[in-house]
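The chains referred to below are lettered A, B, ... by the order of the sequence lines, with proteins before strands, and numbering in each begins at 1.
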There are 2 protein chains.
Amino acid sequence: MRLTINDIAKRAGVSSTTVSRVINNKPDVDTKTRENILKIIEETNYVPNPIMIGLGKSKTNLVGFFTYNLVGPFRVEALRGISERLSSSQYQLLFYNSNVPFPTTPEQYERTSRGLFEIINKGSVDGLIMLQPVNDKTYLAELYQQGFPLVFIDDWGYMSQFDVPVVEVDNYNGALQAVRHLIGLGHQRIAIITGPLEVGSSAVRTSVDRLAGYKDALKEAGLPFDSALVAQGDFSEESGYSCITALLDRAETASGFTALFASNDLMAIGAMNALNERGLKVPDDMSVVGFDDIPLDAYIRPALTTVRMPVKEMGKLAVEMLIEQIECKTLTAKKVLFPTELIIRASTKPR
Amino acid sequence: MRLTINDIAKRAGVSSTTVSRVINNKPDVDTKTRENILKIIEETNYVPNPIMIGLGKSKTNLVGFFTYNLVGPFRVEALRGISERLSSSQYQLLFYNSNVPFPTTPEQYERTSRGLFEIINKGSVDGLIMLQPVNDKTYLAELYQQGFPLVFIDDWGYMSQFDVPVVEVDNYNGALQAVRHLIGLGHQRIAIITGPLEVGSSAVRTSVDRLAGYKDALKEAGLPFDSALVAQGDFSEESGYSCITALLDRAETASGFTALFASNDLMAIGAMNALNERGLKVPDDMSVVGFDDIPLDAYIRPALTTVRMPVKEMGKLAVEMLIEQIECKTLTAKKVLFPTELIIRASTKPR
DNA sequence: CTGAAAGCGCTTACAG
DNA sequence: CTGAAAGCGCTTACAG
């Protein structure tokens with residue numbers, strides 16, 4: 001039913017070798033022959049199958065994107081960037097979803113690992129973009145060293161300490177921007193709700209870096225760091241709610257605070273709900289900044305000031321780093337840190 | 001680098017034919033031989049490449065999902081369902097994103113068509129799930145008649161009149177539920193903001209069916225249909241805002257209304273913002289129901305009562321209908337209408 | 001019970 | 001300038 005190169009060859013009265021030459025713009029084909037073949041291809045809408053093109057070269061012209069779920073905009077945006085960049089290449093995208101939450105339980109890690117092994121051992125892809133926490137990081141680093149094309153997009157900072165290509169967000173400077181903004185508005189006592197600083201026994205760099213940015217912004221402004229103004233959440237809305245509650249309860253006996261930096265938007269929203277219930281107005285009584293720029297931010301009232309990450313661009317770059325590996329076998333591990341952008345909305349105002 | 005069936009055969013001292021027999025659980029293999037091969041496969045983590053398995057059968061064991069973008073939760077949810085259902089099959093998922101908005105301009109349609117032709121002519125997929133408006137519907141119907149496995153998921157009702165397999169939402173009954181709910185709360189004057197009833201020259205069934213459900217709910221309750229209570233939007237938040245404004249302006253000289261059925265959530269949200277600005281409280285002065293159940297609904301205040309569509313399940317069924325076509329060559333076009341669920345939140349209350 | 005050979009749709013030396 | 005042949009990794013008749 002579908003046309004093959006042999007069908008084209010038959011119609012043109014030549015061998016498939018010649019057709020292949022024409023398709024691939026190789027020299028040494030008679031102009032007449034070339035034109036005739038081109039005309040037939042045009043008429044029949046023949047498009048060579050990239051998978052078959054790969055066959056002889058022991059590749060598939062397929063790349064995989066493996067992620068843990070499509071909840072929330074981060075991974076969806078990454079997928080959009082990846083897909084968009086890939087559409088102008090010869091590669092097609094295989095989508096794999098392990099469908100596990102993060103943080104991940106040992107059983108879920110186990111399942112994910114099996115999924116990963118299977119993807120790789122199947123040999124259906126020439127390379128893989130991972131946006132997927134794994135426990136077996138050493139295995140991946142080895143795989144990469146052995147020449148399997150691999151790029152990580154890192155939403156939780158879980159691969160950044162390994163010698164593999166990683167695309168990540170400059171969480172430190174993003175937090176710095178956010179807290180500088182608050183300080184610039186005249187706030188002196190600024191609380192922070194951090195993300196989980198550790199999962200299992202390994203540090204969550206995302207959370208750690210955002211905390212570090214917070215601390216350094218205070219320091220450069222000559223403001224003291226006060227551990228009473230720090231609460232650790234887990235990136236969920238509920239934890240934002242309970243953390244701000246704890247901070248406020250503590251603050252009643254301390255000197256209070258007038259601004260909050262939440263390490264992600266969901267926690268900022270949870271905190272704003274709690275503030276609202278306590279009769280504290282945002283931004284009049286409390287300025288709030290989040291991190292992520294999820295679509296929700298623009299809809300809630302007041303709209304949330306936050307830090308935007310160029311996730312789509314990160315996806316695109318990941319594709320480029322992957323293709324480079326596939327085609328040039330360049331194995332220099334690269335870390336790329338993407339800059340963030342402060343989005344000022346209505347949840348912050350001068351003290 | 002990657003293991004092949006020949007590597008396994010070599011290690012086991014047999015031919016690849018025998019290994020193939022073992023992998024595929026064919027009879028007539030000596031128990032000893034079988035066990036030995038199984039052991040080697042186990043040790044080496046060999047997994048046959050599904051693409052190569054397909055090769056000899058002129059298939060690829062790949063199915064495609066072609067959609068117009070990943071904005072908003074509908075198509076993301078569909079993708080999740082598709083991916084999840086596929087993971088327990090031998091098929092892998094190729095993701096294609098035409099990256100056009102809907103409604104679509106002629107140029108975008110043109111681009112989409114070219115994309116579609118290319119996907120199909122390339123021959124990389126055994127079948128395709130479309131969540132993608134196209135202008136060339138006849139071409140697709142023919143393609144399907146000729147035996148190319150195709151399933152449509154229909155978010156705008158654009159393919160429902162063609163003789164192809166379509167999975168869609170029971171928009172009529174969803175609207176019926178929504179308006180019955182309002183009537184049950186004692187509302188007698190209920191306004192509606194419809195979706196676009198026509199795009200280009202073809203009816204948008206989604207909008208038409210929701211309007212029909214609204215009308216019939218009124219009729220069965222013995223309430224009159226009043227065209228002064230109908231405004232046509234385009235599913236955008238802005239159109240919700242402007243439609244409710246128009247309705248209210250009109251209503252000042254008419255007999256008013258106490259409830260609103262917006263044909264999607266975004267328009268409901270736009271309307272709620274307008275009501276708020278006019279000093280009308282939801283749900284005290286006006287009950288509002290939407291349609292879609294986007295994640296936003298639970299975050300806005302008041303949380304929005306709406307109609308939920310089982311999109312993920314629709315994706316799963318689409319996969320089953322596709323695989324059935326691929327494997328059984330069954331060509332009975334099926335239309336499946338998925339039931340909706342009314343989600344009652346805080347935006348509606350008794351009159 | 002087992003294997004050699006052909007074939008799926010391409011490309012790539014190689015020969016002419 | 002052009003084509004026959006081998007090969008990529010599987011499966012499927014067919015032969016033994």
Distance, rounded to the nearest Å, where Asn6(B) contributes CG and dC10(D) contributes P: 7 Å

The side chain of Ser20(B) lies closest to which of these nucleotides: dT11(D), dT2(D), dT12(D)? dT11(D)

Under 4.0 angstrom between Lys26(B) side-chain N/O and dC1(C) OP1 or OP2: no

Taking only the P atom of each, what is the distance from dC10(C) to dC1(D) in whole angstrom? 25 Å

Whole-Å distance between dG9(D) P and Lys10(B) NZ? 10 Å

So which nucleotide from dA4(D), dC10(D), dG9(C) ends up closest to the side chain of Thr17(A)? dA4(D)

When you measure from the side chain of Lys57(B), which nucleotide among dC10(C), dC10(D), dT12(D) comes out closest? dT12(D)

Residue Thr4(A), side-chain atoms from C-beta onward, closest of dC10(D), dC1(C), dG9(C): dG9(C)

Are Asn97(A) and Ser87(B) linked by a side-chain donor-acceptor pair shorter than 3.5 Å? no

Name the closest nucleotide to the Asn24(B) side chain, picking from dG9(C), dT2(C), dT11(D). dT11(D)

For the residue pair Phe102(B) and Trp156(B), does the interplanar ring angle fall in the parallel (under 30°), tilted (30 to 60°) or perpendicular (over 60°) class? perpendicular

Could you tell me how the ring of Phe65(A) sits relative to the ring of Phe95(A): parallel (under 30°), tilted (30 to 60°) or perpendicular (over 60°)? tilted

dC10(C) phosphate, OP1 or OP2: any side-chain N/O from Tyr46(A) under 4.0 angstrom? yes

Charged N to carboxylate O below 4.0 Å: is that the case for Glu84(A) and Lys316(A)? yes

What's the CG-P distance between Asn61(A) and dC8(D), to the nearest Å? 17 Å

Under a 4.0 Å N-O cut-off, is there an ion pair linking Glu118(A) with Arg114(A)? no

To the side chain of Leu55(A), which of dC8(C), dC8(D), dT2(D) is closest? dC8(D)

Tell whether Arg21(B) reaches the base of dG3(C) with its side chain through a donor-acceptor pair below 3.5 angstrom. yes

Grab the CZ-C1' distance between Arg34(A) and dC1(D) for me, whole Å please. 11 Å

Assuming nearest nucleotide by heavy-atom distance, tell me which of Thr18(B) and Lys122(B) is located more 5' along DNA chain C. Thr18(B)

Length of the line joining Met52(B):CE and dT12(D):P, which is rounded to integer Å: 16 Å

Could you check how far NZ of Lys59(A) sits from C1' of dG7(D), rounded to whole Å? 17 Å

Which residue, Val47(A) or Thr33(B), contacts DNA chain C at a nucleotide closer to its 5' end, judged by nearest heavy atom? Thr33(B)

Let's see if you can work this out: which of dT2(C), dT11(D), dC10(C) has an atom nearest to the side-chain heavy atoms of Ser16(B)? dT11(D)

I'd like to know if the side chain of Asp126(A) reaches the main chain of Asn61(A), judged simply by a donor and an acceptor atom lying under 3.5 Å from each other, with no hydrogens or angles considered. yes

Using whole Å, what does the distance between atom P of nucleotide dG9(D) and atom CG of Asn49(B) come to? 9 Å

Once you apply the 3.5 Å cut-off to both distances, tell me the Watson-Crick or G-U wobble partner of dA15(D), or none. dT2(C)

From CD1 of Ile51(B) across to C1' of dT11(D) the rounded distance in Å is 16 Å

Which part of the nucleic acid does Asp30(A) contact within heavy-atom distance under 4.0 Å: base, sugar-phosphate only, or nothing? sugar-phosphate

Mind checking if Ile53(A) touches a base, just sugar-phosphate, or nothing, with heavy atoms under 4.0 Å? sugar-phosphate

